[in-house]
Amino acid sequence: MSVSDEDLETVARQLGRTPRGVIEVSYRTPDGAPAVVKTAPRLPDGTPFPTLFYLTDPRLTAEASRQESAGVMKTMTARLAEDAELAAAYRRAHESYLAERDAIESLGTDFTGGGMPDRVKCLHVLMAHALAKGPGVNPLGDEAVALAADNGLRGTAIPADWPAAAEPDES
């Protein structure tokens, strides 16, 4: 993946500001528009920027905000405390994120964003990670993307074949 001047112009329109430190477009919507960018661990002015994957598509950012307002993060965080398998998968997502960022440049911190690995703090980061890496890497990011797909974004901002969210085990 790479980033063109046209991509940067599109992202600037999406964000309403000039994007900083963009390395690549890591995910494009089914219609080809940039939707997730990978950012350098340090911005051009040297400021640390630990958010490796950044959600830019306005439909996706609005949906992430809607889910956050609806209490999805609180429910996900509670599940992390109760489900050891989910917590382990979420920790692996955190470790993968950190390793990918550190391969570019280490910031000397294990902070990755989104609340990983112990809680859910930002669905924007988790959705961006899931979309950039594809299903199966970040379980809670995958769920947030699946919820977004179910809320009308399947086939437009999210691939038509994105897996549906599994119902949490009630047993």
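Because the structure is a prediction, the values reported are computed rather than measured.
The minimum heavy-atom distance linking D161 with R154 is given by the pair C-NH1, 4.2 Å. Nearest heavy-atom pair across P44 and G21 is CD-N, 3.8 Å. Contact record, V137 with S96: CG1-OG, 4.3 Å, taken as the closest heavy-atom pair. Pairing each heavy atom of P163 with each of P135, the nearest pair is CD-CG, 3.7 Å. When all heavy atoms of A132 and V36 are compared, the pair lying nearest together is CB-CG1, 4.1 Å. In plain terms, the two heavy atoms of N138 and G141 that are nearest each other are OD1-N, 3.0 Å.
Residue D31 places its CG atom among more than 12 non-hydrogen atoms of other residues, nucleotides or ligands, all under 6.0 Å distant. Around the CD atom of E82, the shell of radius 6.0 Å holds more than 12 heavy atoms that belong to other residues, nucleotides or ligands.
Under 4.0 Å is where a charged nitrogen must lie from a carboxylate oxygen, and between R91 and D118 at least one such pair does. Between R79 and E143 a salt bridge is recorded (basic side-chain N to carboxylate O distance below 4.0 Å). With salt bridges taken as basic N to acidic carboxylate O contacts below 4.0 Å, one links R66 and E63.
Within the 4.5 Å cutoff, the side chain of K74 has no heavy atoms near those of the V120 side chain. In this structure, the side chains of K38 and V22 stay at 4.5 Å or more apart for every pair of heavy atoms. Considering only heavy atoms from C-beta on, D5 stays 4.5 Å or farther from D7 through its side chain. Side-chain contact between P50 and T112 is absent, with no heavy atoms from C-beta onward closer than 4.5 Å. V145 has its side chain within reach of L131: a pair of non-hydrogen atoms, C-beta onward, lies under 4.5 Å apart. A 4.5 Å side-chain heavy-atom check between I104 and I23 finds at least one atom pair inside the cut-off. Contact annotation: the side chain of M73 never approaches that of K121 to less than 4.5 Å [non-hydrogen atoms, C-beta and beyond]. Counting heavy atoms from C-beta on, the side chains of L86 and L140 come closer than 4.5 Å.
Taken to the nearest 0.5 Å, the CZ atom of F49 stands 6.0 Å off from the CG atom of L43. One distance of note links CG of L123 with CD of Q67; it measures 5.5 Å at 0.5 Å rounding. Within the model, atoms CG of L52 and CG of L98 stand 10.0 Å from one another, a figure rounded to the nearest 0.5 Å. Atom CG of L55 and atom CD of Q14 lie 9.0 Å apart (nearest 0.5 Å).
Between E24 and S26, the side chains place a donor N or O and an acceptor N or O closer than 3.5 Å (distance only, hydrogens not considered). T10 and R13 share a donor-acceptor pair across their side chains, judged by distance under 3.5 Å alone.
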Any chance you could lay out the side chain to side chain contact (heavy atoms under 4.5 Å, CB included) test for R101 and S106, step after step, and finish with the verdict?
CA-CA 7 Å; R101 188 186 71 213; S106 175; over 6 Å; no

Just do the side chain to side chain contact (heavy atoms under 4.5 Å, CB included) check on L60 and I158 with the steps written out, would you?
CA-CA 9 Å; L60 294 168; I158 297 169; 3.9 Å; yes

Verify side chain to side chain contact (heavy atoms under 4.5 Å, CB included) between D57 and T29, making sure each step is shown before the conclusion.
CA-CA 8 Å; D57 183 281; T29 60; 3.6 Å; yes

Under the side chain to side chain contact (heavy atoms under 4.5 Å, CB included) rule, what do Y90 and L80 come out as? Steps first, then yes or no, please.
CA-CA 8 Å; Y90 194 53; L80 281 174; 3.6 Å; yes

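Judged by distance alone, the side chain of T39 and the main-chain N or O of T51 form a donor-acceptor pair under 3.5 Å.
Residues passing the ring-ring contact (aromatic ring centres under 6.0 Å, His included) test with F53, sequence neighbours excluded: Y97, H129.
Sorted by first then second residue, the salt bridge (Lys or Arg N to Asp or Glu O under 4.0 Å) pairs that include residues 129-142, not counting sequence neighbours, are E100-K133.
Linking ILVMFWY residues whenever their side-chain heavy atoms come closer than 4.5 Å, directly or via other members, places M76 and M127 in the same cluster.
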